[in-house]
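A quick write-up on the structure given underneath.
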Amino acid sequence: MDITKLTIKEARGLLDNKEISAVELTRMYLDRINLLDDKVGSYLSVTEDMALEHAQQAQNIIDSGKSSLLTGIPLSIKDNICIEGTKTTCASKMLEDFVSPYTATAVSKLLADNAVILGKTNLDEFAMGGSTENSAFKTTKNPFDLTRVPGGSSGGSAACVSASLALGSLGSDTGGSVRQPASFCGVVGMKPTYGLVSRYGLVAFASSFDQIGPIAKTVEDCAIILDSICGNDSKDATSLKYEKDSSYSSSVSGDIKGFKIGLPKEYLTEGLNAEVKESLYKSIDKLESMGAKIEEFSMPVLKHAVPAYYLMSSAEASSNLSRYDGVKYSYRADNCKSFNELIGKSRAEGFGKEVKRRILLGTYALASGYYDAYYKKALKLRTLISNGFNEAFSKYDVVLHPTAPETAFKIGQNTNNPLTMYLADIYTVAVNIAGLPSISVPCGYDSKGLPIGLSFTGKPLGEKDIFRAAANFEAEFADKFRVPAI
Amino acid sequence: MTDSNDYIKYIADLAKLSLDDSEIQSLADDMRDIIGLMDTIKNIDTEHIDATEHISRVTNNLREDNPGDSFETEKILSNSKKTMENCFAIPKMIE
């Protein structure tokens, strides 16, 4: 059986019709990982024994006729999300030996639905980056061109779905880390409304931005995963109490005739690659031919989203990462004679360069004399950005924009230029600043054959609107899922 | 850029990062560009705008105060590189 075009929905049919067993399906993915992941480098650890055990349990559920949509479906998990008894490294030397003492709520929910966990995927260290090159352990390659990056920080998750090394994956999105790699790897990535998915067990980077989100081959598959992982959790005080009236996976049906779509003018200026822009305009034509009404609007504050995001998220990171002191569970420097030396050396030796930059920037923004000019100023911009989106959603059902200004770049091209990397987050960070849901779907390929992503952003708890718009677009997009030749 | 190196050293000390001189130099170079980008927001008029610390749409989302199971001590200590008598161990602080 060829699994390179298999979706979660199709696999569900095969499992329920007994055309394949959950163990056989899992074995196929494990074999493919063994065969191909040396080239792609998407996994940091493969949990083969656990996966086969889950698969056998799933088969028992299927045999009893009580399967849910994810029963027996092989998935992967970004390695900053905890699973009890397995390593959670955050791709950092700091947590190289850390074994999770508990399981993240999002993963517990997948396991309650008897999904199969294949392993943990690579990321930029502590989810800080947009290329997965900041991993302390390996560089993940883009399955469409192994000399290029998969995006980041959930680059391992996006690459493994793109290369059919899992049917779906959980990533985390603080400033675009699910959507941008999905865009680079030609798959679908979705960031839910802040608070829709519990952050319990997601290693904190910037707590008021972080959100776990699904990556899969189709919009419907992402909705199926979100249906499983969403919901209030008493272990996360920022978790929303929200009762949905129907499933997200059922929201993909229905047309978009009369759908009002806004396009921010500020996202169409310099820096947007010509081929990406052309693909965006072709997508707009397609959406209009489907009955949607598209209108440009202006939101000038979006120009300031990148510095505002980096100030706020780095400030939160500098505080969150203060827990890594070499004492309780992180890397510990040798031969330290004092407590201060132990902390300072452990942190200097355990963190990579990008993490240090963010800690320094965050500490700088919070330092006495700079707090009002940087951190507080950014918080005020957060108000303006949030108000701007509120105003936009009084007129539009969804907001449309590119996911990234360019397609996947060469490995090593930007490693010594952090500023270029930060500026490339222009289209994704405002969504996190305002806590909105957003989904990236493939909308074209450039002249090198590299995927281009298109984003639909919704109002708070507007997941159904963006799933519906994205699923309609996906159904009409003639070239919807190209299989990368690895 | 000695002044900026000194300032980065000061910030690194605040952040408990014991960096050597070559790393300070390299990070000071990066930080100059990064802070240049951050400076672009300085002149925006936000005088009458309230700050939004957190975008969360919930307040005081507290659980019932029911006792639950704690983690086993052994399991928690197992991730530490150095323990002693069921405690985390650190270098001696008092002579």
Side-chain angles (χ1 to χ4, degrees), chain A residues 97-99 101-102 194-195 208 234 237-241 304 306-308 310-311 318 322 325-329 332 336-339 341-345 347-348 351 353 356-357 359-361 363-365 367 373-374 376-384 386 418-419 422-423 433-435 460, chain B residues 7-8 10-20 23 26-28 30-31 33-64 66 68 71-72 75-83 88-93:
Chain A
D97 301 320
F98 177 73
V99 176
Y102 63 89
Y194 183 84
S208 80
S234 61
T238 61
S239 163
L240 291 172
K241 284 185 176 145
H304 308 297
V306 169
Y310 274 92
L311 285 164
S318 70
S322 65
D325 56 9
V327 177
K328 293 190 284 295
Y329 46 79
R332 184 178 176 117
C336 296
K337 292 182 179 56
S338 72
F339 185 51
E341 189 186 354
L342 170 70
I343 298 177
K345 273 180 73 176
R347 289 165 64 78
F351 289 133
K353 195 171 184 191
K356 287 174 185 167
R357 284 188 199 111
I359 291 173
L360 290 177
L361 176 61
T363 307
Y364 183 80
Y374 293 111
K376 196 161 184 194
K377 188 86 171 186
L379 296 182
K380 290 181 170 192
L381 288 172
R382 185 174 213 175
T383 306
L384 291 174
S386 188
L419 206 60
Y422 295 0
L423 289 167
I433 289 173
Chain B
Y7 196 73
I8 292 301
Y10 166 70
I11 293 290
D13 287 346
L14 283 180
K16 297 279 185 204
L17 288 167
S18 302
L19 307 177
D20 61 32
E23 208 170 2
S26 160
L27 283 163
D30 293 343
M31 293 306 289
D33 293 343
I34 292 168
I35 289 166
L37 173 65
M38 303 305 141
D39 281 341
T40 59
I41 69 167
K42 271 186 162 173
N43 295 324
I44 305 167
D45 180 12
T46 54
E47 196 181 339
H48 302 294
I49 307 297
D50 291 334
T52 299
E53 277 92 1
H54 202 289
I55 206 69
S56 176
R57 292 162 181 87
V58 291
T59 51
N60 298 330
N61 185 7
L62 305 176
R63 63 172 169 78
E64 291 298 311
N66 297 323
F71 292 108
E72 294 159 29
K75 199 172 185 179
I76 295 300
L77 288 175
S78 66
N79 272 310
S80 178
K81 301 284 183 214
K82 197 165 185 187
T83 61
F88 301 113
I90 59 168
K92 193 174 173 183
M93 293 178 78

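Any value given below was found using the heavy atoms of this structure, including those in side chains, with hydrogens, waters and symmetry copies removed. Here is how names work: the chains are called A, B, and so on, in the same order as the sequence lines, proteins then strands, and each is numbered from 1. Every value quoted in this text rests on a predicted model; they were computed, and no experiment measured them.
Highest contact tally toward chain A, considering only B:G36, B:S78, B:A89, is held by B:A89 [criterion: heavy-atom pairs under 4.5 Å]. Between chain A and the options B:D13, B:D33, B:T83, the largest number of non-hydrogen pairs under 4.5 Å is found for B:D33. Of the listed residues (B:M38, B:K81, B:K42), the one with the most heavy-atom contacts under 4.5 Å to chain A is B:M38. For the options B:I76, B:I35, B:T40, heavy-atom pairs under 4.5 Å to chain A are most numerous at B:I35. Most heavy-atom pairs under 4.5 Å with chain B, from the set A:A365, A:S322, A:S239, A:S318: that is A:S239. For the set A:L311, A:I359, A:L342, A:V306, the count of heavy-atom pairs under 4.5 angstrom toward chain B peaks at A:L311. Taking chain B as the reference chain and counting heavy-atom pairs below 4.5 Å, the highest number among A:E341, A:R357, A:K241 is found for A:R357. When each of B:D39, B:L14, B:I8, B:D30 is checked for heavy-atom pairs under 4.5 Å with chain A, B:D30 comes out on top.
A:K345 NZ: more than 12 foreign heavy atoms inside a 6.0 Å radius. More than 12 heavy atoms of other residues, nucleotides or ligands shown are found within 6.0 angstrom of NZ on A:K353.
The shortest side-chain heavy-atom distance between B:I34 and A:Y310 does not fall under the 4.5 Å cut-off. For the pair A:L360 and B:L17, the minimum side-chain heavy-atom distance is below 4.5 Å. Proximity of B:I55 to A:S386: side-chain heavy atoms (C-beta onward) are separated by under 4.5 Å at one or more points. Annotation: side chain of B:N79 is not in contact with side chain of A:D97 (no heavy-atom distance under 4.5 Å).
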Just distance, no hydrogens or angles: give the donor-acceptor pairs under 3.5 Å from side chains in residues 43-51 of chain B, sequence neighbours left out.
residue: B:D45; atom: OD1; partner: B:E47; partner atom: N; Å: 3.1
residue: B:T46; atom: OG1; partner: A:K377; partner atom: NZ; Å: 3.4

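The contact between A:T238 and chain B is made by backbone and side chain atoms together, counting heavy-atom distances below 4.5 Å. With a threshold of 4.5 angstrom between heavy atoms, A:L240 approaches chain B through its backbone and through its side chain. Within the 4.5 angstrom heavy-atom criterion, atoms from both the backbone and the side chain of A:F339 approach chain B. B:M31 touches chain A through its side chain: at least one heavy atom from C-beta onward sits under 4.5 Å away, while N, CA, C and O do not. Heavy atoms closer than 4.5 Å to chain B are found in the backbone of A:K337, but not in its side chain. For a residue to count as touching a neighbouring chain, one of its non-hydrogen atoms must lie under 4.5 Å from one of that chain's; by this rule A:L423 touches chain B with the side chain only. Only the side chain of A:P418 has a heavy atom closer than 4.5 Å to any heavy atom of chain B. Contacts between A:A367 and chain B at a heavy-atom distance below 4.5 Å involve the side chain alone, from C-beta outward. Using a 4.5 Å cut-off between heavy atoms, B:E23 touches chain A through its side chain atoms alone.
Between the side chain of B:K75 and the main chain of A:P101, a donor-acceptor pair closer than 3.5 Å is present. Using a distance-only test at 3.5 Å, with no hydrogens or angles considered, a donor-acceptor pair links the side chain of A:R382 to the main chain of A:I433. Checked by atom type and distance alone, the side chain of B:T52 never pairs as donor or acceptor with a backbone atom of B:H54 at under 3.5 Å.
With sequence neighbours excluded, the residues satisfying ring pair (Phe, Tyr, Trp, His ring centres under 6.0 Å) with A:Y364 are A:Y370, A:Y374, B:Y7.
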